[in-house]
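To start, I am sharing the structure in question, which I have written as structure tokens.
All chains are named by letter (A, B, ...) in the order of the sequence lines, taking the proteins before the strands, and each is independently numbered beginning at 1.
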Amino acid sequence: MRTSTFFIATQKEVPAEAEIVSHRLMLRAGLIRRLSAGIYTWLPLGVRVLRKVERIVREEMNRAGALELVMPVVQPAELWQESGRWQAYGPELLRFRDRHERDFVIQPTSEEVVTDLARSELKSYRRLPVHFYQIQTKLRDERRPRFGVMRGREFVMKDGYSFHADYADLEREYRNMHDTYTRIFTRLGLRFRAVAADTGAIGGTGSHEFHVLAESGEDAIAFCPQSDYAANVELAEALAPKAARKPPLEERKKVQTPGKTKCEDVAAFLHIPVQRTVKAVAVVRTSIPYESIGSFVLLLLRGDHELNEIKTQKVIGAFRFASEAEVEERLRCRAGYIGPVDISATIAVYADRTVAQMSDFVCGANEPGYHLTGVNWGRDLRDDPANVADLRNAVAGDPSPDGKGVLEIVRGIEVGHIFQLRTKYSTAMKATFLDAAGAERPFEMGCYGIGVTRVVAAAIEQNHDERGIVFPPPVAPFEVCVVPIGYHKSPAVREAAEGLYRELQENGVDVLLEDREERPGVLFADMDLIGIPHRVVLSERGLAAGNAEYKGRRDDKPSDLPLASAVSSLLKKLA
RNA sequence: CGGGGCGUAGCGCAGCCUGGUAGCGUACCUGCAUGGGGUGCAGGUGGUCGCGAGUUCAAAUCUCGCCGCCCCGACCA
């Protein structure tokens, strides 16, 4: 391909609409253009990247034994009513009527259609297992689309659905897909992590998310560098330090802390680390009457820790935060100075595991303007905390739940998700087959998604510098660019460039010849911006010495490349 | 959906408060020069000022309504 006849649509200035790096660079490099909120045109350069991602995904899915098909984007409402998702999905499901006033949806995923297909085609266990997948446009009417194609409304997804005669076979395919996804993201050249995810109402162990690691990711992941352990921070078990609780050393004292209601402020005021403080969060159980004993609950957390509402709900049941009036009524103290010492026995106290290990800590005195220091279990509080549980988000430095090291926290972008659906859809839609004994049974199902358009954004989010995109070679729109200086003036340069271009093409290299009549600075800037991994510069000066010049996109400086062996050494770099 | 902000040339912006019929940079076109990191000079093309009403002799500017877009939050996964 030649830049003179290709569509290079780079922009010097950053469009005001874009906030995050990948979105800005995709607009500036001319990969996409916005048409409407969350809806984008993919320009020729962007399509090249998209196709490379798709190709790797397709090759690996095929290798794993999955079969590609294409299901309709427009789907009749009846199937969605049958599965229950017509009611359950909410406004993210785009619905419309045709001229006959019949309801349709634009698919956000295709469980219904594929399950419908399975129940009419897979009547016997002899046809199982089967794994169908497609790579195709999806639509989710996001409440707030943002970050360009990272969270768009219309996007391309690879969605696969597998059907099995029993759970053991579903588990086998699930592992197969876990391996396949690992191969896919490795081949794409991305740094990623498979993360245990919430299985929600369906339960079981069967859900993993694949995250591309990037500072700007929307999700926080806790992982253990010494092992395979990785989980969404909200789900990761937070363990207390292994060391036993130290005996009390300090006397309990009441100290003035005027105006200091936050743990950080109290700690700074008392010149102690915030890790020595304990905060009390007052909540009210909604599962029992407000008047009942134990309906009012104090949750104790170390001052720098964060309450995890999902975990807490699993421990104490449904709850809401107590209002300021309720706090005053129950503790006769205003929020900010409340604590667990000498409170009514009708109030339940739950301590996070870490708090249960603390000694000589600081907490509210239940008197406005005062905190207590040197507070200890057994002496100032009930012997030991009666209720100890995991109530907080995991933080960096926590012991790994698998006991093999210490957790680190990184941010990630979810680009893949594998899930054991079990019989949710097959039961709802009466999708059954006959087993070997002639009995009718619902399919065990799995589903597996990769956000293809999001992979492109995530790859850029993870790989860029001040000059632009640094594409991982497997997804770069072109592998090599040949940049002749003086192409339109020097016959020697032109001849060498054309020769190199032709020879690389003949060797199957995806090469871009930069033959526009622009100043060298413009050419360099554009090639850097669009992130071509390998650059070869040809000039009269270099040719006189028999040299071309090579520079990798991440290199600081170019190096000489003897023209005679240029092709072979480039092929070596590409291998 | 709640809060905030913005709609003026492909892109980035000024002009609006104080009404007089639109400007800067960049991009684009032409010419000359230049030719190793977004070059210089000169000349040019391009805008129903988001849409609709109203006030006024006169509206990008004031008033009302609508639409679109962005950010934060909530929601969703």
- Message: Can you measure A/Leu561 atom CG to B/rG36 atom C1' for me and round it to whole angstrom units?
- Response: 17 Å

- Item | Residue list, side-chain hydrogen bond (donor to acceptor under 3.5 Å, both in side chains) with A/Arg519, at least two apart or on another chain |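 So A/Arg519 forms no side-chain hydrogen bond (donor to acceptor under 3.5 Å, both in side chains) with any residue.
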
- Grab the CD-C1' distance between A/Glu19 and B/rC71 for me, whole Å please.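 One finds 7 Å between C1' of B/rC71 and CD of A/Glu19, rounded.
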
- Item | Whole-Å distance separating the CZ atom of A/Arg34 from the C1' atom of B/rG50 | 12 Å

Between the protein and nucleotides 33-35 of chain B, list the N/O to N/O atom pairs that are separated by less than 3.5 angstrom.
| from | atom 1 | to | atom 2 | distance (Å) |
| --- | --- | --- | --- | --- |
| B/rU34 | O2 | A/Arg519 | NH1 | 2.6 |

- Note on the structure: Residue set satisfying ring-ring contact (aromatic ring centres under 6.0 Å, His included) with A/His23, at least two apart, ordered chain then number -> A/Tyr40

- Query: What about A/His131 and A/Tyr133, are their ring centers closer than 6.0 Å?
  - Reply: no

Write down the protein N/O and nucleotide N/O pairs, taken from nucleotides 3-8 of chain B, whose separation is under 3.5 Å; answer none if there are no such pairs.
none

- Mind checking what makes side-chain hydrogen bond (donor to acceptor under 3.5 Å, both in side chains) contact with A/Thr186, not counting sequence neighbours? none

- Item | Side chain to side chain, A/Ile418 and A/Tyr174, heavy atoms closer than 4.5 Å | yes

- Length of the CG-P vector between A/Asn547 and B/rG36, whole Å: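 Rounded to the whole Å, the gap is 18 Å.
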
- Message: The criterion is ring-ring contact (aromatic ring centres under 6.0 Å, His included); which residues satisfy it with A/Phe163, sequence neighbours excluded?
- Response: A/Phe443

- Residues pairing under salt bridge (Lys or Arg N to Asp or Glu O under 4.0 Å) where one sits in residues 75-84 of chain A, two or more places apart or in two chains, turn out to be A/Glu82-A/Arg119

Are any protein N/O atoms closer than 3.5 Å to N/O atoms in nucleotides 74-77 of chain B? If there are, list each pair with its distance.
| from | atom 1 | to | atom 2 | distance (Å) |
| --- | --- | --- | --- | --- |
| B/rC76 | O2' | A/Glu92 | OE2 | 3.4 |

- Just grab all the salt bridge (Lys or Arg N to Asp or Glu O under 4.0 Å) pairs involving residues 442-462 of chain A, residues at least two apart or on different chains.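 For residues 442-462 of chain A: A/Arg422-A/Glu444.
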
- Message: On the nucleotide B/rA27, are OP1 or OP2 found under 4.0 Å from the side-chain N or O atoms that A/Lys12 carries?
- Response: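 For A/Lys12, the contact criterion (side-chain N or O under 4.0 Å from OP1 or OP2 of B/rA27) is met.
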
- Task: State whether the distance check finds a donor on one side and an acceptor on the other, under 3.5 Å, for side chain A/Arg516 versus base B/rG38.
- Result: no

- Pairs satisfying ring pair (Phe, Tyr, Trp, His ring centres under 6.0 Å), at least one member in residues 476-496 of chain A, at least two apart: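 Every pair satisfying ring pair (Phe, Tyr, Trp, His ring centres under 6.0 Å) with a residue in residues 476-496 of chain A: A/Phe6-A/Phe478.
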
Please write out each protein N/O paired with an N/O of nucleotides 10-12 of chain B under 3.5 Å, distance rounded to 0.1 Å.
| from | atom 1 | to | atom 2 | distance (Å) |
| --- | --- | --- | --- | --- |
| B/rC11 | O2 | A/Glu13 | OE1 | 3.1 |
| B/rG12 | OP1 | A/Ala16 | N | 2.7 |

Side chains of residues 520-537 of chain A: which donor-acceptor partners sit under 3.5 Å, not counting sequence neighbours?
| from | atom 1 | to | atom 2 | distance (Å) |
| --- | --- | --- | --- | --- |
| A/Asp526 | OD1 | A/Thr10 | OG1 | 2.9 |
| A/Asp526 | OD2 | A/Thr10 | OG1 | 3.2 |
| A/Asp526 | OD2 | A/Arg516 | NH1 | 3.4 |
| A/Asp526 | OD2 | A/Arg516 | NH2 | 2.9 |
| A/Asp528 | OD2 | A/Arg467 | NE | 2.9 |
| A/His534 | ND1 | A/Tyr550 | OH | 2.6 |

- Task: Scan A/Gln136, A/Lys138, A/Gln75 and name whichever one has a side chain to side chain donor-acceptor pair (under 3.5 Å) with A/Ser110.
- Result: A/Gln75

